[in-house]
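Throughout, numbering of the chain's residues begins at 1 and tracks the sequence. As the structure lists them, so they are numbered: ligands from 1, and atoms in each ligand from 1. Computed from a predicted model, the values in this text were never measured in an experiment.
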Amino acid sequence: MDKKTIIVTGGAGFIGSNFVYYMLKKYPNYRIVCLDALTYAGNLSTLEKAMKKENFRFVKGDIRDREAVDNLFAEEEPDVVVNFAAESHVDRSIENPQIFLETNIMGPEVLMEACLKHKVGRYHQVSTDEVYGDLPLDRPDLFFTEKTNLHTSSPYSASKASADLLTMAYHRTFGLPATISRCSNNYGPYHFPEKLIPLMIINALNDKPLPVYGDGKNVRDWLYVEDHCKAIDMIIHADCVGEVYNVGGHNEMANIDIVKLILKELGKPESLITFVEDRKGHDRRYAIDPTKIKTQLGWEPETKFTNGIVKTIKWYLDHKDWWEEIISGEYQKYYEKMYGGK
Ligand code: NAD
Ligand code: TYD
């Protein structure tokens with residue numbers, strides 16, 4: 001395998017850090033450089049083990065900082081840039097859309113300009129199935145394909161869809177060698193405690209109420225994070241410039257069923273479930289059709305949800321230090337604001 005230098009932006013967050021570990025393990029001769037601004041969602045402790053590797057470098061920096069990005073690209077001469085850096089939480093985007101537009105749209109523009117200037121071989125934009133909006137609950141025959149219209153609901157998904165359009169524009173207009181992946185909901189280690197699965201695990205462990213939005217019947221299509229990393233690895237190594245790939249493993253579940261499953265695994269009572277006010281504009285159902293990535297690149301998910309959720313719960317039990325530090329800090333204020341008194 002040729003040597004490559006890969007810049008991973010947002011590598012101190014949930015999926016980015018899993019990708020860093022996946023790549024370090026699979027390609028010991030690659031150089032992996034993580035660029036991350038360490039926002040509330042980025043944790044250096046997550047990358048502790050990577051820091052010990054000689055072929056890994058962490059750089060604290062903002063993808064919107066043109067000069068810093070330019071200097072880093074000049075220094076590292078990356079072959080590939082994978083952009084995970086983003087504001088990623090829908091609820092926060094409803095509270096304060098502005099930062100989502102700045103990071104999720106302007107950030108990619110800065111990165112893509114740098115890719116053009118430094119002749120980077122591949123820019124990969126990590127997108128989401130949320131760009132397609134939602135599907136009705138009573139049409140289980142419908143799925144998102146790459147041809148489904150973009151039809152966003154939240155400021156978060158609108159910002160991600162904007163970045164996708166910009167990426168395709170840079171490809172067509174400037175010849176940027178770009179690819180895009182649109183994955184369904186991920187779960188697994190290092191998932192920030194504000195998201196459904198870690199929030200419910202941690203609240204259940206602390207015997208706190210489990211806040212379920214609306215009727216709890218909203219459906220998400222869950223994929224173990226390592227399977228997402230595998231998909232991105234396959235895309236960046238394939239001859240597929242200009243392509244968009246949907247990534248998902250046909251694992252649709254209603255929120256309430258996930259919450260009940262977590263309670264059962266932890267031996268906690270369902271009386272902890274508390275139905276709270278619904279999210280504004282709450283998408284009903286997401287469901288990915290992964291036919292394209294399966295047939296063109298041979299991608300298959302490896303972890304079934306029944307195993308993945310048990311592994312994930314065990315990870316949170318074994319890594320209390322990681323999440324206790326997070327929930328004791330700034331996050332406490334966010335939690336009080338969003339769920340205060342519930
Ligand atoms: P996350 O919130 O856990 O991590 C985001 C990371 O980006 C953090 O480390 C943060 O410090 C960093 N960051 C934020 N703003 C930055 C900036 N301006 N400059 C540099 N770094 C910055 O997010 P995640 O869940 O790991 O998601 C990663 C990517 O995958 C996002 O682009 C998201 O849209 C996409 N995605 C997520 C999911 C999911 O289920 N979590 C599913 C599909 C796609
Ligand atoms: P989330 O993890 O925020 O991911 P996304 O909104 O990007 O899919 O939420 C997953 C689902 O869980 C979504 O339907 C909203 C719901 N949810 C709750 O019911 N309660 C909560 O406290 C949170 C954070 C989410």
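Counting heavy atoms under 4.0 Å from ligand 1, residue Asn104 does not touch it at all. Counting heavy atoms closer than 4.0 Å to ligand 1, residue Arg64 contributes side-chain atoms (C-beta onward) but none from N, CA, C or O. Counting heavy atoms closer than 4.0 Å to ligand 1, residue Phe192 contributes nothing at all.
A cation-pi contact links Arg285 to Phe143, judged by a cut-off of 6.0 Å to the six-membered ring centre and 45° from its axis.
Remark: distances from the non-hydrogen atoms of Ser184 to ligand 1 include one below 4.0 Å. Under the 4.0 angstrom criterion for non-hydrogen atoms, Tyr187 is not in contact with ligand 1. Taking 4.0 Å as the cut-off, Gly107 does not count as a neighbour of ligand 1 on heavy-atom distance. Distances shorter than 4.0 angstrom do not occur between any heavy atom of Gly11 and any atom of ligand 1. Residue contacts with ligand 1: Asp36 is included, with a non-hydrogen atom under 4.0 Å away.
In this structure, Asn185 contributes its side chain and Arg220 its backbone to no donor-acceptor pair below 3.5 Å. For Asn251 (side chain) and Phe305 (main-chain N/O), no donor-acceptor pair under 3.5 Å exists by modelled atom type.
In terms of protein heavy-atom proximity, atom 25 (C) of ligand 2 is nearest to Tyr213 CE1, 3.6 Å. Scanning the protein for heavy atoms near atom 22 (O) of ligand 2, the closest one is Tyr339 OH, 2.7 Å.
Taking any N or O of Asp283, backbone or side chain, none lies under 3.5 Å from an N or O belonging to ligand 2.
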